[in-house]
Amino acid sequence: YFDITASSHASPGKKLNFESVAIDSVSRKISFAESEVKLDFGAFGKGYALDRAAQLLKENGVQNALLHGGTSSVFAMGNPAQVGLRNPGSATDEIKSVSLCNQGLSSSAVFHDGQNASDIINPHEQKNLRDDAACVVIAPTAAVAEVFSTALLCMGKARAEKFCVENIPLDLQVLWIDKISSEAQKVGRV
């Protein structure tokens, strides 16, 4: 459910996924089996950038920092930091506060305030997500949090709950937010 090639811009009936990407490790070249395949690193790029920034800060003697990559991505290093979670459909409606310590947090939402079409694609259906919800993941790195928040959101609540019960390691925490109820509900270990 996490595929950096997922796109709603493919021709009807054409299913594009990472299997359309060929990586030649010797020549260090990437090629595509279909001309419409594109790589979109946005689903974990902010998390990766936060992890790298934290690494640079540590290398330069900074022990405590709260790195913020926009409204959906955070990495806290050193002393614990409180981070508020808000209803993704509201700019001000905080619904829960969580404590982070040497952890990343990512929140993926189907819709954002004022948005009427989701920019997140279910890679199995090649369609924009439609259920109005959000998934929050706390992980040892911001990049891992980004990947899991997007993948679990694409799965939908029921499938995400099942996946969390069967697969989520102890160092991940997962919360599901239904916009309708505006409450954060435990899906994985919290």
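Values in this document were obtained by computation on a predicted structure and should not be read as measured data.
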_Using a 4.5 Å cut-off between side-chain heavy atoms of Ile, Leu, Val, Met, Phe, Trp and Tyr, which other residues end up in the same hydrophobic cluster as Leu56?_
none
*Listed by chain and number, what are the side chain to side chain donor-acceptor pair (under 3.5 Å) partners of Ser73, not counting sequence neighbours?*
Glu146
_According to side-chain contact (heavy atoms from CB on, under 4.5 Å), who are the partners of Glu166, at least two apart in sequence or on a separate chain?_
Lys162
*asked:* If hydrophobic residues (ILVMFWY) are linked whenever their side-chain heavy atoms come closer than 4.5 Å, directly or via other members, who joins Met77 in its cluster?
replied: Leu50, Leu57, Val62, Leu67, Phe75
_Can you confirm whether Val137 sits close enough to Val147 that some side-chain heavy atom of one is under 4.5 Å from a side-chain heavy atom of the other?_
no
*Nearest 0.5 Å please: distance from the NZ atom of Lys157 over to the CD1 atom of Ile177.*
11.0 Å
*Write down the atom of Ala76, the atom of Ala81, and the distance for their closest heavy-atom approach.*
CB-CB, 4.1 Å
*Closest approach of Gly78 and Cys101, non-hydrogen atoms and distance?*
O-SG, 3.1 Å
_For the CZ atom of Phe44 and the OG1 atom of Thr141, what is their distance to the nearest 0.5 Å?_
11.0 Å
*Would you give the length of the straight line joining atom CG of Asn79 to atom CG of Asn102, rounded to the nearest 0.5 angstrom?*
9.0 Å
_One pair to check against side chain to side chain contact (heavy atoms under 4.5 Å, CB included): Ile30 and Phe32. What are the steps and the verdict?_
CA-CA 7 Å; Ile30 297 174; Phe32 305 105; 4.1 Å; yes
*Cation-pi, Tyr48 ring and Arg52 (6.0 angstrom, 45 degrees)*: yes
*Taking the side chain as every heavy atom from C-beta outward, state whether Val74 and Leu100 have any pair of such atoms under 4.5 Å apart.*
yes
*Is a side-chain N or O of Asp171 found less than 3.5 angstrom from the main chain of Pro140, in a donor-acceptor match?*
no
*Could you tell me whether the side chain of Cys135 reaches within less than 4.5 Å of the side chain of Thr150, counting heavy atoms only?*
no
*For Gln82, side-chain contact (heavy atoms from CB on, under 4.5 Å) partners two or more places apart*: Ser97, Ser99
*Answer yes or no: is there a side-chain heavy-atom contact under 4.5 Å between Gln173 and Gln103?*
yes
*In Å, rounded to the nearest 0.5 Å, how long is the span from CG of Leu175 to OG of Ser149?*
11.5 Å
*Partners of Asp24 by side-chain contact (heavy atoms from CB on, under 4.5 Å), sequence neighbours excluded?*
Val26, Ser27
*asked:* Which heavy atom of Gly104 sits nearest to which heavy atom of Ala145, and what is that distance?
replied: O-CB, 3.9 Å
*How many angstroms lie between CG in Leu153 and OG in Ser107, if you round to the nearest 0.5 Å?*
8.5 Å
*Can you measure from SG (Cys164) to CZ (Arg159) and round to the nearest 0.5 angstrom?*
13.0 Å
*Below 4.5 Å, heavy atoms only, C-beta onward: do Val136 and Val174 meet side chain to side chain?*
no
